[in-house]
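Here's the structure, in structure tokens; my notes come after.
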Amino acid sequence: MNYDFCYTVSRRGFLAAVAGAAITASMRTAGASAIDERQIKVAPGEARFSGADGPPTAVWTYNGTVPGPALRLRQGQPVRITVENGLDEGTTVHWHGIRLPNAMDGVPGLTQPPIRPGESFVYEFTPPDAGTFWYHPHADSLVQIGRGLAGPLIIEEAEPVAVDRDLLWLLQDWRLTKDGRIAGGFGSMMDASMSGRVGNLVTVNGQAQGGQSVRAGERLRLRLANASLARMMALRFEGHRPIVLAIDGQPCDPHEPEDGRLVLAPAMRIDIALDMQGDPGSRHDVIDDFYDGLAYRLTTLAYDKAPPLRAHPLDTPQALPRNPLPEPDLTNAVRQEIVLQGGMMGGGKLAGVGGMTGMGMPGMNGGAAWAINGMSMTGDGHAGMAPQFTLERGASCHLTMRNETAWWHPMHVHGFSLSVLSRNGSPVPHRQWQDTVLLAPRDVIECAFVADNPGDWMLHCHVADHQMAGLMTVFRVT
Ligand code: C2O
Ligand code: CU
Ligand code: CU
């Protein structure tokens, strides 16, 4: 598909165009939709994780808040977002999961120079896909995301979906000192070569002890986004049966998650339909039990005393309208393989990676602990990163990702969404597309995509410490 034109958002017109498979050139002249203008200022600020009366924590913010403001944009409508840097170090904004022109991708060195202190950068793109995305810096990522820079990005469907309320929980994990400050020591070799910087406080939309008030009988669309540096999550909604509608913004066949657990690795999003079948006045916990023996209550669903909104629950939720993703041609696809290597093994030893060669930012501190296909690219992105492989524009690519390490890795691809075909030889059901694919230790995952978006694109683990310490690569679409 084309990324460089604006299509009109006459609601029916848009859907008809998508359904008709080809968005024709005639639509270019159908009149450009108004440009949606937004402003974001990046600056230090203060957050109160335990409510207005709680102690303040010094953080870095978008427009003064943690998380940043929820940007609600419209599918197919051009947007212009001016980002002003009020930090005293360079930054960029990456629009995670959005299929946009390479120059708007926010990777320092690779797609743009960092925005210097006091300067601005204007991002312009037209989101082709509706769904739940997020935005975050891609410069000094470990520190900048770890100090709070992250915000939700919602691309609204041209036709609204029938639910009573549309809510979003942006989840962040903080490593705080006893007196409530963000702990230093970013990028220690210990974090880098093991599970990454997992923190000790998880917030939902910036609040640690909040609850979610709900009404009996209502149906929620709940958008979950894990904006943590390293914490994996597996959410259970006690007494409720969530139905997965979309993963990483991309609609899938609606289904109940395995064991009722929603696994959300860093950078992943899941949209669920949640029918509030509890009794008026009741309370139900939402538990994260990803790590054995370390389950905790993330939040509580607190039912209003009001009588149920409707006598009978709604029928099974409807599938969300699919996005205009090109179907890969598997019979003629180019095969590529990405092998994840390195990390700490048993006995506190770093895994030896045969022929591991470094390609770091000059003068960057911290070494490489990981590699992809024997090569360690460290840091956030910088000029001169040689592509691991090159694809011709329009080619289908069959990508195998093989995790040879003893750790979990949410592998994220910029600029594309991947059709997830199989995990360890078993087909992945529900027609899932993802931009962030979680590999358990030793997993082998096969995916496919059409290389329709030219540029140099990053592919990396979204555990920030892992990315910084070598679990990153670049591929080129000509
Ligand atoms: Cu969410 Cu390379 O990023
Ligand atoms: Cu991304
Ligand atoms: Cu990783």
Side-chain angles (χ1 to χ4, degrees), residues 91-100 102 104-112 123 125 127 129 131-142 144-146 149-153 170 191-198 225-232 248-249 265-269 338-344 351 368-372 376-382 385 401-418 434-443 445 453 455-475:
T91 193
T92 63
V93 177
H94 171 61
W95 314 96
H96 182 117
I98 304 283
R99 298 186 296 136
L100 41 57
N102 192 249
M104 299 293 122
D105 200 40
V107 181
L110 199 64
T111 71
Q112 69 168 98
Y123 292 93
F125 55 90
D129 302 325
T132 304
F133 302 92
W134 66 298
Y135 59 99
H136 63 78
H138 224 292
D140 196 11
S141 312
L142 178 58
Q144 293 192 8
I145 298 174
L149 290 176
L153 175 55
L170 188 121
D191 286 337
S193 59
M194 299 177 74
S195 57
R197 182 179 160 109
V198 175
N226 184 351
S228 303
L229 287 176
R231 181 184 286 277
M232 315 277 163
D248 289 351
M268 283 185 66
R269 293 86 63 211
I338 289 289
V339 182
L340 315 182
Q341 302 153 318
M344 201 68 87
W370 308 91
I372 291 180
S376 303
M377 288 188 187
T378 57
D380 296 285
H382 38 91
M385 298 172 105
M401 294 193 275
R402 187 181 294 279
N403 182 3
E404 292 188 344
T405 80
W407 301 89
W408 294 75
H409 304 289
M411 296 302 296
H412 168 53
V413 59
H414 285 217
F416 299 89
S417 200
L418 307 175
Q434 293 175 232
D435 58 58
T436 307
V437 179
L438 179 60
L439 283 91
R442 312 289 165 197
D443 265 4
I445 294 190
N453 197 358
D456 281 359
W457 300 101
M458 203 169 254
L459 198 174
H460 62 86
C461 177
H462 223 289
V463 170
D465 293 275
H466 293 179
Q467 175 209 310
M468 302 295 286
L471 259 188
M472 167 164 71
T473 193
V474 168
F475 67 96

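None of these values were measured; they are calculated from a predicted model. Start at 1 and go down the list; that is how both ligands and their atoms are numbered.
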- Near atom 1 (Cu) of ligand 1, is there an N/O/S atom from H94 that is less than 2.8 Å away? no
- Can you name the N/O/S atom of H412 that is nearest the Cu ion (ligand 2)? NE2
- Message: Ring-plane angle category for F125 and W95, please: parallel below 30°, perpendicular beyond 60°, tilted otherwise.
- Response: tilted
- Tell me yes or no: between the side chains of T111 and H414, is some donor less than 3.5 Å from an acceptor? no
- Message: With a 3.5 Å distance limit and no angle check, can you tell me whether W370 reaches the backbone of M472 through a side-chain donor-acceptor pair?
- Response: no
- Query: Is it true that some N/O/S atom of H96, main chain or side chain, lies under 2.8 Å from the Cu ion (ligand 2)?
  - Reply: no
- Query: Looking at T91, D465, D380, which hits side chain to side chain donor-acceptor pair (under 3.5 Å) with S141?
  - Reply: D380
- Of all the atoms in H414, is at least one N, O or S atom closer to atom 2 (Cu) of ligand 1 than 2.8 Å? yes
- Does H138 bring an N, O or S atom to under 2.8 Å of the Cu ion (ligand 2)? no
- Relative to each other, are the rings of F416 and F475 parallel, tilted or perpendicular (30° and 60° limits)? tilted
- Could you tell me whether any N, O or S atom belonging to H138 is less than 2.8 Å from atom 1 (Cu) of ligand 1? no
- Sort out for me which residue in H409, H94, H412 forms a ring-ring contact (aromatic ring centres under 6.0 Å, His included) with H462. H412
- Message: Report the atom name of the nearest N/O/S atom of H96 relative to atom 1 (Cu) of ligand 1.
- Response: ND1
